[in-house]
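Here's the structure, in structure tokens; my notes come after.
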Amino acid sequence: MEKEQSYFGEIGHGIKTLATGMKVTLKEYFTKKSTEQYPENRKTTLHVAKRHRGRLVFKRNEDGSYKCTACTLCEKACPNGTIKILAHMQEDPETGKKKKVLDDYQYDLGDCMFCQLCTNACNFDAIEFTNDFENATFDRSKLVLHLDKEVYQGGSLPNLIDGGADLTIGKFNTKTK
């Protein structure tokens with residue numbers, strides 16, 4: 001059976017709850033705030049984990065050619081159709097055998113879930129995720145990348161692939177307000 005309180009008991013309980021909430025609010029209002037100075041100081045202090053999945057890129061050989069063989073395993077492994085591969089069969093003049101040649105490797109960064117199923121499915125170690133996270137744009141069509149036509153040179157931050165700035169535990173680039 002529920003415990004019934006009087007009318008004034010319920011009002012007292014409501015005032016007590018309100019006072020508790022106001023106490024927390026006032027305490028937070030008077031504490032000093034600190035803000036990470038992101039765009040201004042990102043080159044010197046921003047640390048990004050090496051395992052962060054920011055965007056997909058082709059791995060290249062020493063001569064600059066890509067390792068992709070157009071086998072379409074990554075396209076089939078992608079759960080939402082982010083990767084689209086166009087290829088054709090071409091006869092090799094040296095051996096006389098036919099092999100697949102990549103025409104276009106289209107990757108839609110805007111639709112990607114960053115699940116890494118494509119990189120796990122690739123038997124040729126041809127694609128990988130980098131920790132480059134600055135991919136904002138005003139036009140969605142600019143998020144559709146053609147990986148076979150671009151050579152990824154790293155992000156806009158120095159040493160980004162190595163994690164960016166050194167990680168210092170307990171020290172932040174902050175500005176107290």
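None of the values given here were measured: they were computed from a predicted structure.
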### Query
What are the two closest heavy atoms between G54 and L109, and how far apart are they?
O-CD1, 3.7 Å

### Query
Any idea which heavy atoms bring K100 and A70 closest together, and the distance?
CD-O, 3.0 Å

### Task
Would you indicate whether the side-chain heavy atoms of L102 and L86 approach each other to under 4.5 Å?
no

### ILVMFWY network linking F133 to L56, side-chain heavy atoms under 4.5 angstrom
no

### Distance, nearest 0.5 Å, that separates CD1 of I85 from NZ of K76
9.0 Å

### Query
Within the side chain of N61, is there an N or O that forms a donor-acceptor pair under 3.5 Å with the backbone of D63?
no

### Query
More than 12 heavy atoms of other residues, nucleotides or ligands under 6.0 Å from NZ of K149: is that the case?
yes

### Task
Quick one: pull up CD in E28 and NZ in K23 and give me the separation to the nearest 0.5 Å.
12.5 Å

### Task
Answer yes or no: is there a donor N or O on one side and an acceptor on the other, between the side chain of S6 and the main chain of G9, under 3.5 Å?
yes

### Message
As an exercise, state the distance from OG1 of T130 to OH of Y152, rounded to the nearest 0.5 Å.
### Response
3.5 Å

### Query
Can you tell me how far the SG atom of C122 sits from the CD atom of E128, to the nearest 0.5 Å?
10.5 Å

### Query
Under the 3.5 angstrom rule, does the side chain of R53 hit a backbone N or O of F114 as a donor-acceptor pair?
yes

### Task
Indicate yes or no: at least one non-hydrogen side-chain atom of N80 is less than 4.5 angstrom from one of M113.
yes

### Task
In plain terms, say whether D92 and K98 are close enough for a salt bridge, that is, a side-chain N and a carboxylate O under 4.0 Å apart.
no

### Summary
In this structure, CG of N131 is separated from CZ of R55 (nearest 0.5 Å) by 11.5 Å

#### Entry: Where K67 and R60 come nearest, the two heavy atoms and their spacing
CE-O, 4.2 Å

### Query
Counting heavy atoms not belonging to M89, are there more than 12 under 6.0 Å from its CE?
yes

### Query
How about K142: does its NZ atom have over 12 heavy atoms from other parts shown lying under 6.0 Å from it?
no

#### Entry: Minimum side-chain heavy-atom gap Y7-I11 below 4.5 Å
yes

### Test item: Q106 and I83 side chains (from C-beta on) under 4.5 Å apart, heavy atoms
no

#### Entry: Any side-chain heavy-atom pair of H88 and D103 under 4.5 Å
yes

### Message
To the closest 0.5 Å, what do you measure between SG (C74) and CG (N120)?
### Response
11.5 Å

### Task
State which residues pass ring pair (Phe, Tyr, Trp, His ring centres under 6.0 Å) with F58; sequence neighbours excluded, sorted by chain then number.
Y66, Y105

### Query
Given side chains that start at C-beta, do those of F124 and C71 come closer than 4.5 Å, heavy atoms only?
yes

#### Entry: Reference residue S141; test side chain to side chain contact (heavy atoms under 4.5 Å, CB included); the match among D139, L143, V144
D139

### Task
Check whether any side-chain heavy atom of C78 sits under 4.5 Å from a side-chain heavy atom of L117, and report yes or no.
no

### Task
Kindly determine whether C118 and I127 satisfy side-chain contact (heavy atoms from CB on, under 4.5 Å), including the steps that lead there.
CA-CA 8 Å; C118 55; I127 54 176; 4.0 Å; yes

### Query
Are D111 and R140 within salt-bridge range, i.e. N to O under 4.0 Å?
yes

